[in-house]
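Because the structure is predicted, anything quoted here is derived from the model rather than measured.
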Amino acid sequence: MSLTEPSSDFRVLVVDDEPETARAHAMYVDRVPGFRTGAIAANGYGALQMLSDAHEAGAPFDLVLLDMTLPDLHGIDVARRMRGRGYTLDIIAITAVRDLAVVRSAVATGITQYLIKPFSFAVFAEKLENHRAFIATMRSGGPSTSQAALDTAFSALRTTSASVSLPKGLISQTLEQVQNHLASSPTRAFSATELGEELGLSRVTARRYLEHLALVKTAVKQPRHGTRGRPEFEYQHNSH
């Protein structure tokens, strides 16, 4: 964990070997105020090289979003090599694996938070906000600290918000699928019918998820002009 004063934003290194997923996570990062994607690495060795280059340039990253399943190194191996090189920046592990042994190994390497796929933007954003609060609390005590200050700092890393729960009838896996589909084509607007056909969902189901994303400002809803009959709406990824 780096406690030096950051620039205006936390620079984040996104590490994931699936290009579409990496882009979606980078978009998530850029949507959280005070955070920005500094680079994307497609594998473990590439991530280590980017960390080294950034360190030597005097512009180190502040946070790593690290996928655990990479083509060359396991995410835990990447974390261990980072620590071995003296990189103390925080790591948020991202994985679909729910194996307790993997989680324990991740914690042992200094990984501070864990995101299990699939997750919503609300969950993702809260992890970044937790990181911000943790760093701010650790800095506020100056060069020395107390037990109370440490307890307060580490409590910031625990997710306690109830706001991440979904409305009744919505499934997080399907919501994540819809979100990623929108994010993968950020300049395209989808009707509920179009999205449903591409994802294998009914029009009604697709519309429910799209309406929820519009409500939480993840998607932009607008009338589709030029259609006959009843008004039709289209939904586009909100990149702002």
About how many Å separate [atom2] of [Y] and [atom1] of [X], when rounded to the nearest 0.5 Å?
X    : Y    : atom1 : atom2 : value
E126 : H131 : CD    : NE2   : 15.0 Å
L66  : L115 : CG    : CG    : 11.5 Å
T69  : D17  : OG1   : CG    : 8.0 Å
E197 : R203 : CD    : CZ    : 11.0 Å
R23  : T37  : CZ    : OG1   : 12.5 Å
M68  : H74  : CE    : NE2   : 6.5 Å

For this session: Under the ring-ring contact (aromatic ring centres under 6.0 Å, His included) rule, collect the residues that match up with F35, sequence neighbours excluded.
Result: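 So F35 forms a ring-ring contact (aromatic ring centres under 6.0 Å, His included) with F10.
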For this session: Name all residues meeting the ring-ring contact (aromatic ring centres under 6.0 Å, His included) criterion together with Y235; count only those two or more places apart in sequence or in a different chain, and write none if there are none.
Result: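 Per chain and number, Y235 pairs via ring-ring contact (aromatic ring centres under 6.0 Å, His included) with no residue.
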So which atom in [X] and which in [Y] form the shortest heavy-atom distance, rounded to 0.1 Å?
X    : Y    : answer
D9   : R36  : OD2-CD, 3.6 Å
E234 : A189 : CD-CB, 3.5 Å
A59  : R11  : O-NH1, 2.6 Å
I40  : A22  : CG2-CB, 3.7 Å
A206 : A192 : CB-O, 3.5 Å
A214 : K221 : CB-CB, 4.0 Å

Problem set entry | Test side-chain contact (heavy atoms from CB on, under 4.5 Å) applied to V178 and H212, step by step | CA-CA 11 Å; V178 173; H212 173 71; over 6 Å; no
Using a 4.5 Å cut-off on heavy atoms from C-beta on, say whether the side chain of [Y] contacts that of [X].
X    : Y    : answer
L128 : I92  : yes
R207 : F233 : no
N180 : T21  : no
R208 : E211 : no
L175 : L213 : yes
T218 : R31  : yes

For this session: Taking Q113 for its side chain and K127 for its backbone only, find out whether a donor-acceptor pair lies under 3.5 Å.
Result: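 Pair found, side chain donor or acceptor close to backbone of K127.
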Exercise. Ignoring hydrogens and geometry, is there a side-chain-to-backbone donor-acceptor pair from E232 to P223 under 3.5 Å?
Worked result: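 A pair under 3.5 Å: no.
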Exercise. With the 4.5 Å side-chain cut-off for hydrophobic clustering, are M27 and L210 part of the same group?
Worked result: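 In one cluster: no.
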Who passes side chain to side chain contact (heavy atoms under 4.5 Å, CB included) against [X], sequence neighbours left out?
X    : answer
M82  : L48, L51, V64, V78, Y87, L89, I91
D72  : N43, Y45, L70
L215 : none
A41  : L13, V15, A47, M50

For this session: Assign the ring pair F121 / F124 to parallel, tilted or perpendicular, where the plane angle (0 to 90°) is split at 30° and 60°.
Result: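 The arrangement is parallel - the two ring planes meet at less than 30°.
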For this session: Can you establish whether the number of heavy atoms outside H181 located under 6.0 Å from its atom NE2 is more than 12?
Result: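 Buried by this count: over 12 neighbours within 6.0 Å.
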Partner residues of [X] under the salt bridge (charged side-chain N to carboxylate O under 4.0 Å, His left out) criterion, sequence neighbours left out:
X    : result
R85  : none
E18  : none
E194 : R224

For this session: Please list, chain by chain and in numerical order, all residues satisfying side-chain hydrogen bond (donor to acceptor under 3.5 Å, both in side chains) with Q49, sequence neighbours excluded.
Result: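 Partners of Q49 by the side-chain hydrogen bond (donor to acceptor under 3.5 Å, both in side chains) criterion, ordered by chain and then number, come out as D53.
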Exercise. Under the side-chain hydrogen bond (donor to acceptor under 3.5 Å, both in side chains) test, which residues partner D16, sequence neighbours left out?
Worked result: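 D16 satisfies side-chain hydrogen bond (donor to acceptor under 3.5 Å, both in side chains) with no residue once adjacent residues are dropped.
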Exercise. Is there a donor in the side chain of Q177 and an acceptor in the side chain of Y209, or the other way round, less than 3.5 Å apart?
Worked result: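 No, no side-chain donor-acceptor contact under 3.5 Å.
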Problem set entry | Listed once per pair and sorted, the salt bridge (Lys or Arg N to Asp or Glu O under 4.0 Å) pairs that draw on residues 179-191, sequence neighbours left out |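 Qualifying pairs, neighbours excluded: R188-E198.
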For this session: Verify side-chain contact (heavy atoms from CB on, under 4.5 Å) between L63 and V29, making sure each step is shown before the conclusion.
Result: CA-CA 11 Å; L63 180 67; V29 170; over 6 Å; no
For this session: Run the numbers on E129 and R132 for salt bridge (Lys or Arg N to Asp or Glu O under 4.0 Å), then give the verdict.
Result: CA-CA 5 Å; E129 293 295 348; R132 188 207 310 276; 3.0 Å; yes
